[in-house]
2 protein chains.
Amino acid sequence: MVYRPGRVLSNRAAVIGMNRPTMEDVAERAKVSRALVSLVMNDSPQVSDEKRRSVLQAARELGYRPNLIARILAQQRTHTIGVLVDDLRNPFFGEVVDGIEAEAADHGLRVLILNGHRDARREAEAVETFLQLRVEGMALVGARLDDSDTARVGLAGPCVMVASGAVHTGVDTVGTDDRRGAELAVEHLAALGHTRIVHLDGGTNVSAGERRSGYESGMRSAGLGDLVDIRPAGDDEADALEVIDELLADDDPPTALFAFNDLLAAGALNRLADAGMAVPGDVSLVGFDNTFISALRHLSLTTVNQPTLAMGRLVVATLLQRLSDGPSGPIRHTLQPELVVRSTTGPPRGGAILSPARPRPR
Amino acid sequence: MVYRPGRVLSNRAAVIGMNRPTMEDVAERAKVSRALVSLVMNDSPQVSDEKRRSVLQAARELGYRPNLIARILAQQRTHTIGVLVDDLRNPFFGEVVDGIEAEAADHGLRVLILNGHRDARREAEAVETFLQLRVEGMALVGARLDDSDTARVGLAGPCVMVASGAVHTGVDTVGTDDRRGAELAVEHLAALGHTRIVHLDGGTNVSAGERRSGYESGMRSAGLGDLVDIRPAGDDEADALEVIDELLADDDPPTALFAFNDLLAAGALNRLADAGMAVPGDVSLVGFDNTFISALRHLSLTTVNQPTLAMGRLVVATLLQRLSDGPSGPIRHTLQPELVVRSTTGPPRGGAILSPARPRPR
DNA sequence: GCATTGTATTAGAGCGCTCTAATGGTTTAT
DNA sequence: ATAAACCATTAGAGCGCTCTAATACAATGC
């Protein structure tokens, strides 16, 4: 039960947990074989009550704790899936992970989480760690791997990526229809009468491409194709600062902003407030993800909802399907987004809801 | 490189990564011994360039990837610390974990994260998993374990808890002085002239006790001991709803609230807004943690800052110290909190800053 | 009585790696 | 020339567990 002072820091077999009583020790104390101890530890029904009791007692007395590492090596199964999270500070990812863990628990799978820190290199390392740990499947939640890394992962084993649209064929995907979500946002703004709608682009984030092209197609459908205006921003609050400043300095500043995600939108809201701009009076703003942040009354951000919990569960379901079906064409699950209209969107100054202005060529 | 269709789902040796080329395979192909391959994989300097090259090539050709599980079992070292996070959706924890990972990386340690889901039972399970995985140390970030679980963990090996104040002597702690933080909040409100200051209590959260007693001592120091009023709430946004309703229905509603954390404060802000209460006009509000949420201009929540990054790094440093020193008296690191005054606090209606009202006995 | 079935237990190989000690080969010192 | 020292390489035990096949023993059938 207690870790042993003297041995700490000895070169080998030093640290916590290693160098503890083993099955052998328990077997010896209970005067049975190691195999029997193993059976007891695995709740085998074919053990007599008497032996079971004495084994359990011996285990308790010694403070025995099974060594998962040894067990995994012996049974060649980890019963574990690895979840790579792009950014632990973005609540959106936390919600997806909640879904993943719920479904994993239902199937007796352990979930190990590694943090990607919004950095492609570190994410590639994390993936490598999962692979070396022999997880049975991997979920990439928001990972921004480049194509070659993605390909490597896909080849290495079951891997589900949270993403939508065109992704490397080697990995399965579960995602919200980002393109459609972006279209919903633009349609909403266009219907309110906005024409000068700028997209704050998500940069290297996996979902950035789809949302960008959804924005573009939304603009075109609204007859605003000539006004497409995409500004590189990012996916974090801090990433909004520069772009907003730049936009406000514009000769013809936008009347509406469609931000890559809620965090970026929140950052934009901050900066707009600093600049004394009224939202939605002077400028309307739409986010993406419908995190709890957007629901805060004082932000009350219009945003696009993603069914995070369902996505998380579906990720694991997909992983399991892949595990049982073996390699084949990529599986693609696309869930539907929903526009959540709150208080950061309204008609443009002077614009009317019922008579949307015709696109002014710049 | 590719996982093998035929074997997937076979009972044994089935899944991703297991059943892959081993060191033996590489050795055979490179026509050297397994031991030599091991040396190459570990960058040993005592390998001739020629052999090294041929081993690396063989490994590449086979798509060899070292099996971390086997390696760990053999060297009896995991080089891994386990981090138990109470709630992945609370950005505060994400920030602490960032600090932990930064320091861990500096010392060549892997960080494995498990999610506690704000549930004592699940957290105890997670701890057990870490122990069975033989992590070299554990960091409990916000874990709400009961005393007996905490004791078990402490006995099992190096364990640092993010917490302050009286904690089981078996575990080391790193934390912000929660009590002092709470006092700062109360002092600030009292100085503004508030007397009817209610504390929204954090429930089972580890830090709840200290913040509660800090509130109490703060009230007493301000001569407001008779007005101490603690309401059970929680640590999540949603936990604020009921309490706020209850408080607003009070004959003598408070003019100031000190919430357990920012999330709870944000929830309170929501509910107050719903009820048409002005903040800080009708009621002042202070949070805790200084998460990025509190900094959003539209909330602009007065709160108590915790040096999250420093805490995270210190957690790992403490773990390493414990690892090298062996068991001894508990290590306690307490960092200083700071009050961050923003826009949710102001003088009470009719109250003056310069002449704080005398405490009215209820 | 002995073969048969069934149940509880155990021996022992094996999982993929690391690490110590031994080996063989070359160079240097004497 | 022989011993000593050094270097690259390898044999083989061991990490703590699981799992198959073998074994012991009791109960059953004829």
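Chain letters run A, B, ... following the sequence lines, proteins first, then strands; residues in each count from 1.
Within 6.0 Å of CD on B:Gln132 lie more than 12 heavy atoms contributed by other residues, nucleotides or ligands. Residue B:Glu125 places its CD atom among more than 12 non-hydrogen atoms of other residues, nucleotides or ligands, all under 6.0 Å distant.
Checking C:dG12, C:dT18, D:dG16 against every side-chain atom of A:Asn67, the shortest atom distance belongs to D:dG16. For B:Asn42, counting side-chain heavy atoms from C-beta on, the closest listed nucleotide (D:dG16, D:dT18, C:dT18) is C:dT18. In this structure, the nucleotide among C:dC17, D:dG16, D:dC19 sitting nearest to the side chain of A:Ala35 is D:dC19. Minimum atom distance to the side chain of A:Arg71 is reached by D:dC17, of the listed C:dG16, D:dC17, D:dA13.
Side-chain nitrogen and oxygen atoms of B:Gln76 include at least one within less than 4.0 Å of the OP1 or OP2 phosphate oxygen of D:dG16. When the side-chain nitrogen and oxygen atoms of A:Gln75 are compared with OP1 and OP2 of C:dC15, none of them lie within a distance under 4.0 Å.
Side chains of B:Ser328 and B:Arg322: a donor-acceptor N/O pair is present below 3.5 angstrom, by distance only. The closest side-chain donor-acceptor pair between B:Thr173 and B:Arg332 falls under 3.5 angstrom. Residues B:Asn115 and B:Arg89 have side chains that never bring a donor and an acceptor to within less than 3.5 angstrom of each other. In this structure, a donor-acceptor pair under 3.5 Å is present between the side chains of A:His117 and B:Glu101.
Note: NZ (B:Lys31) to P (D:dT10) measures 13 Å, nearest angstrom. In this structure, CZ of A:Arg77 is placed 18 Å from C1' of C:dG16, rounded to the nearest angstrom. Protein atom CD1 of A:Ile72 is 17 Å distant from nucleotide atom P of C:dC15, rounded to whole Å. If you take CG of A:Leu73 and P of D:dC15, they are 14 Å apart, rounded to a whole angstrom. Going from atom NE2 of A:His79 over to atom C1' of D:dT18 covers 11 Å, rounded to whole Å. Separating the CG atom of A:Asp49 from the C1' atom of C:dT9 is a distance of 15 Å, rounded to the nearest angstrom. Distance CG (A:Leu133) to P (C:dG16): 16 Å, rounded to an integer number of Å. Distance CD (A:Glu24) to P (D:dG14): 12 Å, rounded to an integer number of Å.
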N/O to N/O distances under 3.5 Å, protein versus nucleotides 23-25 of chain D:
none

Using the 3.5 Å cut-off, write out each protein N or O paired with an N or O of nucleotides 7-9 of chain D and the distance between them.
from  : atom 1 : to      : atom 2 : distance (Å)
D:dT9 : OP1    : B:Ser48 : OG     : 3.0
D:dT9 : OP2    : B:Ser48 : N      : 3.0
D:dT9 : OP2    : B:Ser48 : OG     : 3.3

Could you go through nucleotides 22-26 of chain C and list every protein N or O atom that sits under 3.5 Å from one of its N or O atoms, giving the distance for each pair?
none

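Every residue meeting the salt bridge (charged side-chain N to carboxylate O under 4.0 Å, His left out) condition with A:Arg29, not counting sequence neighbours, appears here in chain and number order: A:Glu61. Contacts of A:Asp146 classified as salt bridge (charged side-chain N to carboxylate O under 4.0 Å, His left out), with partners at least two apart in sequence or in another chain: none.
Under the side chain to side chain contact (heavy atoms under 4.5 Å, CB included) test applied with B:Leu112, the options A:Leu114, A:Thr129, A:Ile113 reduce to a single match, A:Leu114. Of the residues B:Leu319, B:Leu131, B:Val83, B:Ile81, the one that meets the side chain to side chain contact (heavy atoms under 4.5 Å, CB included) test with B:Met138 is B:Leu131.
Remark: side-chain polar atoms of A:Glu123 are paired, donor with acceptor, to backbone N or O of A:Arg144 under 3.5 angstrom. A distance-only check finds a donor-acceptor pair linking the side chain of A:His168 to the backbone of A:Gly170 [under 3.5 Å]. For the pair A:Asp25 (side chain) and A:Thr22 (backbone), a donor-acceptor distance under 3.5 Å is present. A donor-acceptor contact shorter than 3.5 Å links the side chain of B:Thr318 to the backbone of B:Leu314.
By the 4.5 Å heavy-atom criterion applied to side chains, B:Met161 and B:Asp172 are not counted as neighbours.
Looking at B:Arg34, its side chain has no donor and acceptor atom pair within 3.5 Å of the base of D:dT10.
Rounded to 10 degrees, the angle separating the terminal helix axes of the helix from C:dG1-D:dC30 to C:dT30-D:dA1, each built from five base pairs, is 60°.
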